[in-house]
Every structure is written in structure tokens, then in C-alpha cells.
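In this chain, numbering begins with 1 at the start of the sequence shown. Keep in mind that the numbers below use all heavy atoms, side chains included, and drop hydrogens, waters and symmetry copies.
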Amino acid sequence: GENHSLILKKDFTLWACGDNKRGQLGVKDTNDQSIPVLVMSGVQSISAGIDHSLILKTDDNLWACGSNKNGQLGNKNPIDRYTPVLVMSSVQSMSAGGWFSLILKTNGTLWVCGDNIFGQLGVGDTIDRSTPVLVMDDVQSMSAGRWHSLILKKDSSLWACGYNKTGQLCDRTFTNKSTPVQVMSDVQSMSAGGIQSMILKKDDTLWACGGRRGDGTTTKRNIPVKIMDGVQGMSAGVWYSLIFKKDGSLWAFGYNEYGQLGDGTDTSQSTPVRIDF
């Protein structure tokens, strides 16, 4: 998350540490934790937002804890929760955005809740939702950024909605969208960051749009530009991005004031640099 960490062990136990002022660690109180503490067992996957946490158990039940001021926990009552509360059943995966949540059910339907100030929920308006609302069906996966959402359908088409002032929706405009718009085809995965979107196509080429894209420029781009070939995976942070290539090498670019790129400097990079460790 922004200031807290969730850790899933191989024995399916969930551990957490860091900032806990909104109860995002799920340990019954609001005391910060400097070492990992046990939260739950029987967990299969996790996702951390700014100050809320989503927890998917092995029985496909989704639980949530932490800040709920915008309804991002999806449990109807918009008050913070210091212990995980049950949200939905039959869940396949989820993605915690800044102050909102995307939930993919096992039947391929996408549900959303939480902050919707820029239309990032994709429900056609900018009203927050405190309970999950159905958006689309036939969805394969999704990625929640700080204020925008990327949705990959089963036909490999990519859709986007939400904040678009840097062009991160890749739809050739700089206009926010409150309903998903189709962006690209032949996509295998994607990652939504703070001001950028990273898109991995089926031919293993990496494309990006928005701000801090890694193409050597600092101008805003509302059209996807090709960044690299031979990419296996990537992760977009708020101001920087990481790229994992098929040859096993790790690359990074973007904001680097705190050394988050891992290249041994605190100099920001406008093109990917290889990280050796």
C-alpha cells in the first residue's frame, strides 16, 4: 500500500506491517507495526490500496479492512474496519486502487466500489459506491491505479475508465471517462499506476501511455507507445514502473528521488535501466 505491506506466506497465512491508522493491517487496533504480525490463515491472494486491504481466502470469499470513507471496503457501512469484514463470495481476484476496489467474480463479472470522483468505477457517473456494483461481464483481469482502472476482457480487448489528465486511459484524449472505453486489442496483461498505464501485448511487446512512460520523453501521451520487446511482466507504481523481461532481467524507469528504481542512484530515468543485484 502507500505506507503498509501485506505478505502472503506459502502456508496461506497473511502477515502485515507498517502504517495502521485506518486499521488497514486488520489486527483489531490502529497501532502501527514495525514487524510483520499474523492477520489470517487460509488466504490465497492479497491487494493493498492507499490505506485499505483486500484479502481473498482459499474458499473464494473476499474480506476487507482499513479505510472505508469512500466505501472502498464494499460492506455497505462506510466506517473504517480494524478487522477484516466479509464483502463477497465466489470471487476470483481483486485489485485495490487508491481509494476504490475492483472485484472479479468466478463467473467473469466485474464489480466495483469506493471512490469514484473521476469515474474510475466505470458506472457512468462520479458518485461513490459503498456496496459493489456490476460493471461488465466476460472479464479476464483488471488493474486499479490511483484514480483510473484498466479492464482486460476474455477476448483480449483492453478497456479503461477514470482519470485521464495525463492520457493514462490511452484513448487518444485527455478527458476523464466514467464508462469504460476500448483501448487496444491482443492484450495479455496490464498494470495501472498513478499517472501511467503499462500494457503487455500477446507478442510480448510492452506499451505505455500517460506520464512517465519510459519512452525517453516527458510529454503526456494519450496514445500507447512501444517501450520494449521480450517482456514477461511489469508493475506500475504511482510515479515509476518495473519491467521483468523473458531473459530474467529486471528494468526500471521513472521517479527515483528515494532510490526506488534500485539502480544505485537517486536520479530519475526517462528510459528503462537494467537493475543488477
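Note on Leu8 and Val39: same hydrophobic cluster, where clusters join Ile, Leu, Val, Met, Phe, Trp and Tyr whose side-chain heavy atoms are under 4.5 Å apart, directly or indirectly. When hydrophobic clusters are built by joining Ile, Leu, Val, Met, Phe, Trp and Tyr residues whose side-chain heavy atoms come closer than 4.5 Å, directly or via intermediates, Trp251 is grouped together with Leu200. Each of Val187 and Leu169 belongs to its own hydrophobic cluster when Ile, Leu, Val, Met, Phe, Trp and Tyr are linked at side-chain heavy-atom distances under 4.5 angstrom. Linking Ile, Leu, Val, Met, Phe, Trp and Tyr residues whenever their side-chain heavy atoms come within less than 4.5 Å places Leu150 and Val183 in a single cluster.
For Asp276, the salt bridge (Lys or Arg N to Asp or Glu O under 4.0 Å) partners at least two apart in sequence or on another chain are Arg274. Taking the side-chain contact (heavy atoms from CB on, under 4.5 Å) definition, one finds that Gln72 meets it with Asp51, His52, Ser67, Asn68, Asn70, Trp99, Ser101, sequence neighbours left out. Looking at residues two or more places apart in sequence or on another chain, you find no side-chain hydrogen bond (donor to acceptor under 3.5 Å, both in side chains) involving Thr30. In this structure Val139 satisfies the side-chain contact (heavy atoms from CB on, under 4.5 Å) test together with Leu104, Leu110, Met136, Ile151, sequence neighbours excluded. Applying the side-chain contact (heavy atoms from CB on, under 4.5 Å) criterion to Asp138, with sequence neighbours excluded, gives Lys153. Checked against salt bridge (Lys or Arg N to Asp or Glu O under 4.0 Å), Asp215 has the following partners two or more places apart in sequence or in another chain: Arg213, Arg221. Contacts of Asp59 classified as side-chain contact (heavy atoms from CB on, under 4.5 Å), with partners at least two apart in sequence or in another chain: Lys57, Asn61. Tyr163 meets the side-chain hydrogen bond (donor to acceptor under 3.5 Å, both in side chains) test with no other residue; sequence neighbours excluded.
For Phe244, the CZ atom sits in a packed shell: over 12 heavy atoms of surrounding residues, nucleotides or ligands are nearer than 6.0 Å.
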In residues 83-96, what donor-acceptor pairs under 3.5 Å come from side-chain atoms, sequence neighbours left out?
from	atom 1	to	atom 2	distance (Å)
Ser95	OG	Ala144	N	2.9

Using a 3.5 Å cut-off and no angle test, enumerate the donor-acceptor pairs between side-chain atoms of residues 225-243 and protein atoms at least two apart in sequence or in another chain.
from	atom 1	to	atom 2	distance (Å)
Lys226	NZ	Asp229	OD1	2.8
Ser241	OG	Gln196	NE2	3.0

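Every pair tested for disulfide bond (SG atoms under 2.5 Å apart) that includes a residue from residues 58-149 fails, sequence neighbours excluded, so the list is empty. Pairs of residues two or more places apart, or lying in two chains, that qualify as disulfide bond (SG atoms under 2.5 Å apart) and include a residue from residues 123-205 are Cys170-Cys209.
Look at Asp32 and Lys21 and you find a salt bridge, because one of the NZ, NE, NH1 or NH2 atoms lies within 4.0 Å of a carboxylate O, short of that distance. Using a 4.0 Å cut-off between a side-chain N of Lys or Arg and a carboxylate O of Asp or Glu, Asp186 and Lys202 do not qualify as a salt bridge.
For the residue pair Asp171 / Asn222, no side-chain donor-acceptor distance below 3.5 Å is found, with atom types taken as modelled.
Looking at heavy atoms from C-beta onward, Asp115 lies in side-chain contact with Trp147 at the 4.5 angstrom threshold. In this structure, His148 and Asn164 have side chains that are not in contact, with every pair of non-hydrogen atoms separated by 4.5 Å or more.
One N or O on the side chain of Ser53 and one on the backbone of Gln24 form a donor-acceptor pair closer than 3.5 Å.
To the nearest 0.5 Å, the span separating CG on Asp266 from OH on Tyr258 amounts to 11.0 Å.
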